[in-house]
Amino acid sequence: MTGHIVVVGGGLAGLRAAEQLRATGWVGAVTVVGAEEHLPYNRPPLSKEVLAGKAGAGGVAAAHAATALRRRKSIEDVNWRLGTPVVDVSLNARRLTLADGGRLAFDGLVVASGLRPRRPAIPGPEFGRYALRTVDDAVALRQRLGPGTRVVIVGGGFVGCEVAATARRAGCEVTVVEPCAEPMERALGPELGRVMRLHHQAQGVRFITGRIVAELLSDGPCERVTAAVLDDGTIVRADLVVESIGSQPNVEWLERNGLDLSDGVVCDNWMRVEGRSGVVAAGDVARFPNPRYDDEPRRVEHWCVPGDTARRAAATLAADLGVRPHDDGVFAPLPSFWSDQYDVRVQSYGAPGLGDRCELLDGGLDHPRALKDGVAMAYYRDHQMVGVVLIGIPLAEHRRYRELVTAAPAPV
């Protein structure tokens with residue numbers, strides 16, 4: 001069958017969706033529309049190798065070349081319209097409107113528009129405030145890092161802590177302001193959050209927990225950030241501020257279609273957007289149920305999700321357009337993520353955030369032995385193991401921990 005499929009989103013999910021559409025046998029036209037000017041690239045290195053200048057030290061073009069994702073030969077005929085975001089869509093009329101005024105008709109649509117950084121409403125100057133999502137962001141921030149630079153990081157999640165590690169290795173004076181009692185607490189729990197805080201503190205990072213940044217101060221007419229004022233009145237001197245308080249889905253272009261966009265795009269287990277034929281979603285903008293845990297749709301912001309969801313979404317869309325039979329199998333991917341901070345890797349399998357209790361499997365929580373010997377923590381919801389987090393565990397041992405999670409019975 002011929003026709004036109006449009007993929008909205010030029011990141012990893014959009015790339016994988018285009019590749020999987022060809023793998024399903026779709027031979028019609030495919031157009032990928034992306035807000036960024038760059039072809040798809042890998043984001044995890046941005047807070048580490050790129051920010052440290054170890055990859056793409058020559059500027060944005062060099063950093064993009066160092067992180068660019070390989071594209072399969074099967075998508076050589078795909079049309080890429082980059083640097084032009086979609087601003088509106090009519091799902092009933094099957095027509096998109098682009099920021100440059102152009103329009104695209106489609107027979108099938110893949111929603112893969114991804115995320116953008118959530119920016120806190122902090123009063124004060126704009127010059128010296130940074131977020132980290134794109135290769136341009138990483139290169140701009142990298143140019144400001146150096147010995148003695150005072151960096152305040154707003155948010156102690158994974159990206160914030162990765163930036164803290166990179167900035168500290170660059171010789172910066174780093175302060176992390178985190179509202180929870182421990183960094184990465186929402187994902188790891190307080191026990192492992194404490195272990196990682198101690199590790200960062202041993203490298204010279206300062207943590208202020210249980211507080212938020214209420215205001216930024218400037219140096220007068222130049223409107224350059226000079227300090228952060230916390231909600232208890234504490235003043236932390238700063239040459240720059242990195243805001244890392246999470247992300248929000250890019251869904252505004254879908255607003256006039258009566259969809260639930262409260263947290264991304266709601267999908268069924270086949271990745272159809274609210275069950276609509278010919279419209280699917282992929283990547284971290286998609287909120288879908290995973291029967292491995294329950295029937296509650298959730299977004300998952302892990303690197304593995306674009307590939308898993310794109311495969312399912314492409315198969316569903318190809319079936320809706322008459323290319324292949326519908327797949328009646330259950331879609332129950334195993335989420336996983338990793339974070340490299342200094343010389344330590346944090347690896348997760350499953351969904352630890354769903355757990356209501358945790359149990360130490362291996363290692364100890366005393367410092368510094370915890371990271372020297374490695375730590376493995378299991379997370380349970382009721383009697384089901386829903387996830388495991390490994391810190392400093394050799395890669396050769398990861399498989400057996402992963403199998404503990406995959407072998408856990410699904411809820412009845």
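All values below come from the heavy atoms of this structure, side chains included, with hydrogens, waters and symmetry mates left out.
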### Query
Val8 pairs by side chain to side chain contact (heavy atoms under 4.5 Å, CB included) with which of Leu96, Asn250, Leu104, Val110?
Leu96
#### Entry: Interatomic spacing from OG in Ser348 to CE in Met184 - rounded to 0.5 Å
12.5 Å
#### Entry: Approximate separation, where rounding is to 0.5 Å, of Leu132 CG and Leu141 CG
6.5 Å
### Message
Using every non-hydrogen atom in the two residues, find where Arg16 and Pro306 come nearest and quote the distance to one decimal.
### Response
CB-O, 4.2 Å
### Query
When rounded to the nearest 0.5 angstrom, what distance separates CE in Met377 from CG in Leu188?
9.0 Å
### Side-chain ion pair, Glu36 and Arg43, N-O less than 4.0 Å
yes
### Query
Within 45° of the ring axis of Tyr380 and under 6.0 Å from its six-membered ring centre, is that where the NZ or CZ of Arg357 lies?
yes
### Polar side-chain atom of Asp320 near backbone of Gly278 as donor-acceptor pair, under 3.5 Å
yes
## Note on the structure
So the ring pair (Phe, Tyr, Trp, His ring centres under 6.0 Å) pairs with at least one residue in residues 61-92 (sequence neighbours excluded) are His38-His64, Tyr41-His64
### Query
Any idea how Phe288 and Phe331 line up, ring-wise: parallel (<30°), tilted (30 to 60°), or perpendicular (>60°)?
tilted
### Message
For Arg144, is there an ion pair with Asp239 - N to carboxylate O distance below 4.0 angstrom?
### Response
no
### Message
With a 6.0 Å cut-off (strictly less than), is the heavy-atom count around CZ of Arg119, excluding the residue itself, greater than 12?
### Response
yes
### Message
Tell me whether Arg299 contacts the main-chain N or O of Asp284 through its side chain, where contact means a donor paired with an acceptor under 3.5 Å.
### Response
yes
### Query
What pairs meet the ring pair (Phe, Tyr, Trp, His ring centres under 6.0 Å) rule with one or both residues in residues 141-178, with sequence neighbours excluded?
Phe158-Phe337
### Task
State plainly whether the residues Glu182 and Arg194 are in salt-bridge range, i.e. N to O under 4.0 Å.
no
### Query
Salt bridge between Glu296 and Arg298, side-chain N to carboxylate O under 4.0 Å?
no
### Message
Main chain of Arg211, side chain of Asp231: is a donor-acceptor contact present, judged purely on distance under 3.5 Å?
### Response
no
### Query
Hey, mind stepping through Arg142 and Thr166 against side-chain hydrogen bond (donor to acceptor under 3.5 Å, both in side chains) and telling me if it holds?
CA-CA 10 Å; Arg142 181 177 71 194; Thr166 302; over 6 Å; no
### Task
Spell out, as yes or no, whether a donor-acceptor pair under 3.5 Å connects the side chain of Arg129 to the backbone of Glu243.
no
### Query
Got a donor-acceptor contact below 3.5 angstrom from the Thr316 side chain to the Trp270 backbone?
yes
### Message
Looking at Arg400 and Glu397, is there a salt bridge between them, counting it only when a charged N and a carboxylate O are closer than 4.0 Å?
### Response
yes
### Donor-acceptor under 3.5 Å (Arg381 side chain, Gly355 main chain)
no
### Query
Do the side chain of Thr309 and the main chain of Gly283 share a donor and acceptor less than 3.5 angstrom apart?
yes
